[in-house]
Structures are given as C-alpha cells and as structure tokens.
Number of protein chains: 2
Amino acid sequence: MKNEVKCPLNYTMNLIGTKWKPLILFHLLDDNLRSGVLQKHIPGISNKMFTQTVRELEKDGLIHRKVYPVVPPKVEYGLTERGKSLETVLRALDTWGLKDSKI
Amino acid sequence: MKNEVKCPLNYTMNLIGTKWKPLILFHLLDDNLRSGVLQKHIPGISNKMFTQTVRELEKDGLIHRKVYPVVPPKVEYGLTERGKSLETVLRALDTWGLKDSKI
DNA sequence: TAACTATATAACTTTTTAGTAAGTTATTGC
DNA sequence: GCAATAACTTACTAAAAAGTTATATAGTTA
C-alpha cells in the first residue's frame with residue numbers, strides 16, 4: 001500500500017504533504033531565489049533537508065533549477081507552471097493558519 | 001526545534017499535515033459519521049491509525065466525538081466549528097489534486 | 001453458553017522522515 | 001599555496017509516523 005490514490009486530496013498530500021515542501025514552494029511564489037537566499041527564508045531547515053526537498057520538488061516538476069556555471073556556484077530556484085498552479089492551495093493553507101492562530 | 005511557528009502555513013501543516021488527517025476531515029465535511037462508516041470511507045487506513053488520528057483531531061478541537069451508551073458501541077464523529085473552518089483549505093487541496101491528476 | 005457485534009487499546013516492529021557533522025568542488029583573492 | 005566561497009554530498013544517527021497482530025468490552029442473539 002504505497003502512494004495509492006484514493007481521492008484527489010490524497011493525491012495532493014502524497015505530492016506536497018511533508019514538513020518542508022509547502023514552505024519552500026510558498027517562498028517561491030513571489031520570486032525566483034538563489035539557493036542560499038531561499039534557504040535563509042526557511043529558518044530551522046537543515047542543509048540536508050533543504051537539498052533533499054528541492055530535489056524532490058524538482059523531480060516532481062514543481063520547481064526548476066537553474067545552474068550558472070560560475071565559481072563559487074550560483075543556483076536559482078523557481079516555480080514551474082505546475083508549481084504555480086499550487087498558489088491557491090498554498091495561500092489557502094497560509095490564510096487559514098493566520099486566522100486560526102489569532103483565535 | 002519542535003512545532004515552532006515560522007509562518008502561518010507552517011502552523012497549518014503542523015496541525016493537519018499528516019497522511020490521514022486531511023482525509024478524515026474531508027470525509028466529515030458533508031455529514032457526521034459513525035466510527036465504522038467513516039473508517040470504511042478511508043481505504044487503507046489501519047485500525048490503529050484511524051483511532052490515533054481521530055484522537056489527535058479531537059484533542060486539537062477539529063472534530064467532536066459522541067458516544068452512545070449502547071452495546072455494541074456506537075460512536076459518531078463530526079466537525080467542530082474549527083474543523084468546519086478548514087473546508088476552504090480541504091476543498092482547495094482536493095480540487096487541485098483532481099485537476100492535476102488529469103494532466 | 002458460545003459466537004457476534006462495533007469500538008478501541010496495547011505491545012511490538014518496520015518504514016519514513018529528519019538531524020548532525022564532516023567532506024567535496026573549483027576558482028578567486030590574498 | 002592557502003583560506004574563503006556557495007552549493008552540494010555522504011555516512012551515520014535519532015525521532016516520528018505508520019503498520020501488524022493480538023486482545024478487551026459487554027450486551028444480544030442463536
């Protein structure tokens with residue numbers, strides 16, 4: 001029983017239902033960001049989890065990765081069209097959290 | 001670093017960002033359901049995970065639990081007001097999954 | 001009296017997710 | 001030639017989430 005789709009909601013959760021994924025996507029809604037900058041937007045994330053998470057998001061076609069062949073390295077991340085289509089969802093989650101945390 | 005709130009989105013994910021929580025909440029949007037019926041709506045969930053998850057949802061004030069003192073037992077679950085306030089979020093997640101899975 | 005019912009719990013194991021700490025790369029600027 | 005840099009990788013460990021199996025409850029019905 002692995003990644004079996006029972007309903008659309010489940011499908012969505014399988015794709016982005018982890019600790020860091022929504023957060024990373026959310027911070028890319030407004031701008032493309034360099035790796036280091038994006039990482040600084042996400043306090044508490046470890047180096048490993050950051051790399052691992054962006055790798056998965058890239059594999060799933062939610063973000064794209066642009067490497068500039070310079071030294072020291074420069075890498076930029078941004079949302080793909082698929083990633084951008086999550087905007088409504090990400091804002092809904094954020095908005096709910098904002099309202100609820102005030103109660 | 002535990003359950004630290006960095007942004008509203010994070011707050012929301014800490015509350016409902018698990019495999020089964022959104023699914024259970026979603027299936028209670030339309031009706032209150034008996035324990036067994038609700039569980040049958042969620043294929044693949046184990047007995048333990050079902051109980052554990054509804055316990056947590058209840059503790060967080062997202063669902064309520066009504067026990068009828070009969071034998072064999074009868075227990076009904078339904079959304080609290082706080083739980084109902086998640087409707088927009090849950091539908092957004094579901095709708096996105098529906099659209100995206102068709103692409 | 002023994003099986004049946006719906007709900008739940010407990011002990012234990014496995015799997016998944018996350019964290020830590022160290023190392024790699026290849027050029028630049030001292 | 002040696003430290004500094006930004007992005008990344010690797011090996012290892014720890015913690016959290018999920019799964020499996022067995023058991024409890026206590027009236028009802030056969």
Side-chain angles (χ1 to χ4, degrees), chain A residues 1-6 9-10 13-25 27-28 32-60 62-78, chain B residues 1-6 9-10 12-25 27-28 31-60 62-78:
Chain A
M1 194 95 45
K2 205 186 149 104
N3 265 354
E4 204 177 310
V5 179
K6 285 107 187 181
L9 197 163
N10 207 7
M13 293 308 286
N14 281 338
L15 202 61
I16 59 161
T18 68
K19 184 170 179 180
W20 302 112
K21 282 182 185 177
L23 226 40
I24 288 183
L25 294 169
H27 284 289
L28 289 174
N32 291 4
L33 294 175
R34 283 192 70 167
S35 184
V37 176
L38 176 55
Q39 198 168 341
K40 281 189 198 80
H41 280 33
I42 322 253
I45 197 171
S46 69
N47 204 259
K48 183 193 122 179
M49 284 315 294
F50 178 76
T51 306
Q52 190 175 304
T53 307
V54 291
R55 285 285 169 287
E56 282 166 25
L57 291 172
E58 196 192 359
K59 173 178 66 63
D60 290 334
L62 293 171
I63 65 176
H64 58 77
R65 181 165 179 267
K66 183 165 186 192
V67 181
Y68 296 82
V70 295
V71 169
K74 176 176 175 180
V75 175
E76 259 188 23
Y77 292 103
Chain B
M1 195 95 45
K2 205 186 148 104
N3 265 354
E4 203 178 310
V5 179
K6 284 109 187 179
L9 198 164
N10 206 7
T12 308
M13 293 308 286
N14 281 337
L15 201 63
I16 60 162
T18 69
K19 185 170 179 178
W20 302 112
K21 282 181 184 177
L23 226 41
I24 289 183
L25 293 168
H27 284 288
L28 289 173
D31 291 300
N32 291 3
L33 295 175
R34 284 192 68 166
S35 183
V37 176
L38 177 54
Q39 198 168 342
K40 281 190 198 78
H41 279 35
I42 322 251
I45 197 171
S46 69
N47 204 259
K48 181 194 126 180
M49 284 315 295
F50 179 76
T51 306
Q52 188 175 305
T53 307
V54 291
R55 285 286 168 284
E56 282 166 26
L57 290 171
E58 195 192 0
K59 172 179 67 63
D60 289 334
L62 294 171
I63 65 176
H64 58 77
R65 180 165 180 269
K66 184 165 184 188
V67 181
Y68 297 82
V70 296
V71 169
K74 176 177 175 178
V75 175
E76 258 188 23
Y77 292 103

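Chain letters run A, B, ... following the sequence lines, proteins first, then strands; residues in each count from 1.
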Atom [atom1] of [X] and atom [atom2] of [N]: how far apart are they, to the nearest Å?
{"X": "Leu15(B)", "N": "dA17(D)", "atom1": "CG", "atom2": "P", "value": "13 Å"}
{"X": "Gln39(A)", "N": "dC8(D)", "atom1": "CD", "atom2": "P", "value": "9 Å"}
{"X": "Trp20(B)", "N": "dG19(D)", "atom1": "CH2", "atom2": "C1'", "value": "10 Å"}
{"X": "Gln52(B)", "N": "dC12(C)", "atom1": "CD", "atom2": "P", "value": "17 Å"}
{"X": "Met49(A)", "N": "dT17(C)", "atom1": "CE", "atom2": "P", "value": "9 Å"}
{"X": "Ile45(A)", "N": "dC8(D)", "atom1": "CD1", "atom2": "C1'", "value": "14 Å"}
{"X": "Ile42(B)", "N": "dG19(D)", "atom1": "CD1", "atom2": "C1'", "value": "17 Å"}
{"X": "Leu33(A)", "N": "dA6(D)", "atom1": "CG", "atom2": "C1'", "value": "15 Å"}

Practice task
Under the side chain to side chain contact (heavy atoms under 4.5 Å, CB included) rule, collect the residues that match up with Val67(B), sequence neighbours excluded.
Solution key: Arg65(B), Val75(B)
Completion exercise
Taken in chain and number order and not counting sequence neighbours, the residues that satisfy side chain to side chain contact (heavy atoms under 4.5 Å, CB included) with Met49(A) are Trp20(A), Ile45(A), Ser46(A), Gln52(A), Thr53(A)
Problem - Pairs where residues 46-57 of chain B contributes a residue and the test salt bridge (charged side-chain N to carboxylate O under 4.0 Å, His left out) is met, not counting sequence neighbours - result: Lys21(B)-Glu56(B)
In Å and rounded to the nearest 0.5 Å, what is the [atom1] to [atom2] distance from [X] to [Y]?
{"X": "Leu9(B)", "Y": "Asn14(B)", "atom1": "CG", "atom2": "CG", "answer": "10.0 Å"}
{"X": "Met13(A)", "Y": "Thr18(A)", "atom1": "CE", "atom2": "OG1", "answer": "9.0 Å"}
{"X": "Glu58(B)", "Y": "Asp60(B)", "atom1": "CD", "atom2": "CG", "answer": "10.5 Å"}

Quiz: residues 31-39 of chain B side-chain donor-acceptor pairs under 3.5 angstrom, not counting sequence neighbours:
residue, atom, partner, partner atom, Å
Arg34(B), NH2, Pro73(B), O, 3.2

Problem - For Ile63(A) against Val54(A), the heavy-atom pair lying closest together - result: CD1-O, 3.6 Å
Exercise for the section: Report, as a single string ordered 5' to 3', how protein heavy atoms within less than 4.0 Å touch nucleotides 1-11 of chain C: B base, S sugar-phosphate only, - not at all. Expected result: ----BBSBB-B
Completion exercise
Sorted by chain and residue number, the ring-ring contact (aromatic ring centres under 6.0 Å, His included) partners of His64(B) (sequence neighbours excluded) come out as none
Practice task
Would you mind reading off the bend of the helix from dT1(C)-dA30(D) to dC30(C)-dG1(D) from its two end axes, five pairs each, to 10 degrees?
Solution key: 20°
